[in-house]
Engineer: 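Take a look at the following structure, please.
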Amino acid sequence: MYGVGLMSGTSLDGVDAALVEIRGCGTETKVRLLAFLTLEMPEEIKNEIRRECKVETSSSQGICSLNFKLGKLLSKAVGAVCKKAGFSPANLDFVASHGQTIYHIPREKDGLCASTLQIGEPSVIAYEHKVKVVSNFRVMDMAAGGEGAPLVPYTEFLLYRSDKESIALQNIGGIGNVTVLQKGCAIDQVYAFDTGPGNMMIDEACWMFFQKKYDQGGGLAAQGTVNETLLGQLMTHPYFQEGIPKTTGREMFGEEYVRKIVEVYPHIKPYDFIATFTMFTAKSIEDSYRKHIFPKHKIHKVWVGGGGVHNKVLMGHLKSLLPEVEIGSQEEAGYSSDAKEAIAFAVLGNETLHRRPSNVPNGTGAKDYVILGNITPCP
């Protein structure tokens, strides 16, 4: 089968689209990447997403409109990746879309039900490309008592599991998350959780101070000095005291959190904020490993994916903080750091179409293995 996986993450840098050929399902899955691209997200839509993610500024009218705007952007990404490969969309068997997270409440609190909302209307994609679309992957896991995230671990089990060594797969997108694959593990031994902020706080500071979308190569962080007082305060965040499984998002480590920190520490220089937030991401990953992974078993390798892998300062911090493990990029493992999550959703879509469960209860906290996603038929 031929499919396109779409991922629009918390970093808001664009829509990732991966065109793949998939054979088989479950442990027999074989994936070949035909083309990948990131379709840049227009600044207008980024601003709308930021507005609708904030409790103070969101509205039902705004979310309603944005749902279709994002559907059109996602559909455009499908056409663009097919064009890049010289592949006719008419030959697609399916599209699998994660959509854009607007709000995520992983656990019931303050009278609010545990719930999640991803938008980017799949009917637009289905109609414009005359193709079946699988979307809304998180909600069935939450219906089964899970937190709806992380979802990528199942695909990592299929594609990365080893009988020779234990591996940790660390993603650094807007949020950081890790999947742990013990040597020779079965699916019920896989566990995963969000380690904390990934690029999100760094990106917010880059835009706030320099009107740059991200810190390319870690160049801005390299010009600053880590403020140890602020770093120590950041590490006291209640999220790091929680047990696993656990998830987080923009609600906890997004723009509002960054602005509050900047207001409390007005004497800290812009470059130093970026340097400190970069170290905070690395330190939160190290802290997570030492609390939740290393006490259970030895890890031989950590493969890092997501946009954070291109930040040389961040990767340098990780290697210094975790000297006892080998740390490398997805490229070194024979895969693509940038395409990894878009490929993952194509794999999840394939599992759904084969009526196979694809959540990992040890990662999400769900009571059962369940089939994920809603299917919008070809119109």
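Every heavy atom of this structure was used, including side-chain atoms; hydrogens, water molecules and symmetry mates were not. Nothing fancy with the numbering, it's 1 onward along the sequence.
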Engineer: If you measure from the Lys or Arg side-chain nitrogens to the Asp or Glu carboxylate oxygens, is any gap between Lys291 and Asp287 under 4.0 Å?
Structural biologist: yes
Engineer: Using the ring of Tyr191 (Phe, Tyr or Trp, six-membered ring only), decide whether Lys296 places NZ or CZ under 6.0 Å from its centre and within 45 degrees of its axis.
Structural biologist: yes
Engineer: What do you reckon, is CD of Gln216 surrounded by more than 12 foreign heavy atoms closer than 6.0 Å?
Structural biologist: no
Engineer: Quick one: do Phe253 and His237 satisfy ring-ring contact (aromatic ring centres under 6.0 Å, His included)? Show the steps, please.
Structural biologist: CA-CA 10 Å; Phe253 293 108; His237 194 291; 4.6 Å; yes
Engineer: Check for me, please, whether Ile343 and Leu158 land in the same ILVMFWY cluster - side-chain distances under 4.5 Å, paths through other members count.
Structural biologist: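 In one cluster with Ile343: Leu158, yes.
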Engineer: If you round to the nearest 0.5 Å, how far is CD of Gln241 from CE of Met235?
Structural biologist: 8.0 Å
Engineer: Do other residues, nucleotides or ligands put more than 12 heavy atoms under 6.0 Å from the CD atom of Glu28?
Structural biologist: no
Engineer: Should Glu263 and Arg259 be marked as a salt bridge (Lys or Arg N to Asp or Glu O under 4.0 Å) after you check the CA-CA gap, both sets of side-chain angles, and the distance that decides it?
Structural biologist: CA-CA 6 Å; Glu263 289 172 6; Arg259 288 193 179 280; over 6 Å; no
Engineer: Between Arg138 and His98, is any side-chain donor less than 3.5 angstrom from a side-chain acceptor?
Structural biologist: yes
Engineer: Picking from Val133, Ile125, Leu39, what satisfies side chain to side chain contact (heavy atoms under 4.5 Å, CB included) with Leu6?
Structural biologist: Ile125
Engineer: Does CZ in Phe294 sit with more than 12 non-hydrogen atoms of other residues, nucleotides or ligands closer than 6.0 Å?
Structural biologist: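 Yes, the 6.0 Å shell around CZ holds more than 12 heavy atoms from other groups.
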Engineer: Walk me through whether Tyr154 and Phe137 qualify under ring-ring contact (aromatic ring centres under 6.0 Å, His included).
Structural biologist: CA-CA 13 Å; Tyr154 178 83; Phe137 287 91; over 10 Å; no
Engineer: Using the rule that Ile, Leu, Val, Met, Phe, Trp and Tyr join whenever any side-chain heavy atoms are under 4.5 Å apart, tell me whether Met315 and Ile175 fall into a single cluster.
Structural biologist: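 Result: no, two separate clusters.
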Engineer: Taking the six-membered ring of Tyr239, is the NZ or CZ of Lys246 close enough (under 6.0 Å from the centre) and on axis enough (within 45°)?
Structural biologist: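 Yes, Lys246 lies over the aromatic ring of Tyr239.
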Engineer: Side chains of Gln182 and Ser166: is there a donor and an acceptor less than 3.5 Å apart?
Structural biologist: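 Looking only at side-chain atoms, Ser166 and Gln182 do not form any donor-acceptor pair under 3.5 Å.
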Engineer: Between Lys183 and Glu165 (salt bridge meaning N to carboxylate O under 4.0 Å), is one present in this structure?
Structural biologist: no
Engineer: Counting neighbours of CZ on Arg290 that are heavy atoms of other residues, nucleotides or ligands and sit closer than 6.0 Å, is the number greater than 12?
Structural biologist: yes
Engineer: Tell me whether Lys46 at atom NZ has more than 12 heavy atoms from other residues, nucleotides or ligands lying less than 6.0 Å away.
Structural biologist: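 It does: Lys46 NZ has more than 12 such atoms within range.
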Engineer: Side-chain atoms of residues 364-379: list all donor-acceptor pairs with protein atoms under 3.5 Å, sequence neighbours left out, distances to 0.1 Å.
Structural biologist:
unit_1 : atom_1 : unit_2 : atom_2 : d
Thr364 : OG1    : Asp141 : OD1    : 2.8
Thr364 : OG1    : Asp141 : OD2    : 3.1
Thr364 : OG1    : Ala366 : N      : 3.2

Engineer: So if you build clusters from Ile, Leu, Val, Met, Phe, Trp, Tyr with side-chain heavy-atom gaps below 4.5 Å, do Phe345 and Val20 land together?
Structural biologist: yes
Engineer: Would the number of heavy atoms belonging to other residues, nucleotides or ligands and lying under 6.0 Å from CD of Gln61 be above 12?
Structural biologist: no
Engineer: In this structure, are over 12 heavy atoms from other groups packed under 6.0 Å from Lys30 atom NZ?
Structural biologist: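 No, the 6.0 Å shell around NZ holds no more than 12 heavy atoms from other groups.
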Engineer: Is there a salt bridge (Lys or Arg N to Asp or Glu O under 4.0 Å) between Lys69 and Glu121 once you walk through the steps?
Structural biologist: CA-CA 8 Å; Lys69 283 186 180 180; Glu121 182 52 52; over 6 Å; no
Engineer: Report, as yes or no, whether the 6.0 Å neighbourhood of atom OH on Tyr160 holds more than 12 heavy atoms from other residues, nucleotides or ligands.
Structural biologist: yes
Engineer: Drop me the distance from Leu318's CG to Thr281's OG1, to the nearest 0.5 angstrom.
Structural biologist: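 Going from CG on Leu318 over to OG1 on Thr281, the span is 9.0 Å.
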Engineer: Please tell me whether Trp303 and Leu33 are part of a single hydrophobic cluster in this structure, the criterion being side-chain heavy atoms less than 4.5 Å apart.
Structural biologist: yes
Engineer: If you group Ile, Leu, Val, Met, Phe, Trp and Tyr by side-chain heavy-atom gaps below 4.5 Å, do Trp207 and Val262 land in one group?
Structural biologist: no
Engineer: Start with the C-alpha distance between Tyr335 and Phe36, add both sets of side-chain angles, then the distance that settles ring-ring contact (aromatic ring centres under 6.0 Å, His included), and finish with yes or no.
Structural biologist: CA-CA 12 Å; Tyr335 294 92; Phe36 170 79; over 10 Å; no
Engineer: Only one of Glu332, Glu331, His310 passes side-chain hydrogen bond (donor to acceptor under 3.5 Å, both in side chains) with Ser337; say which it is.
Structural biologist: Glu331
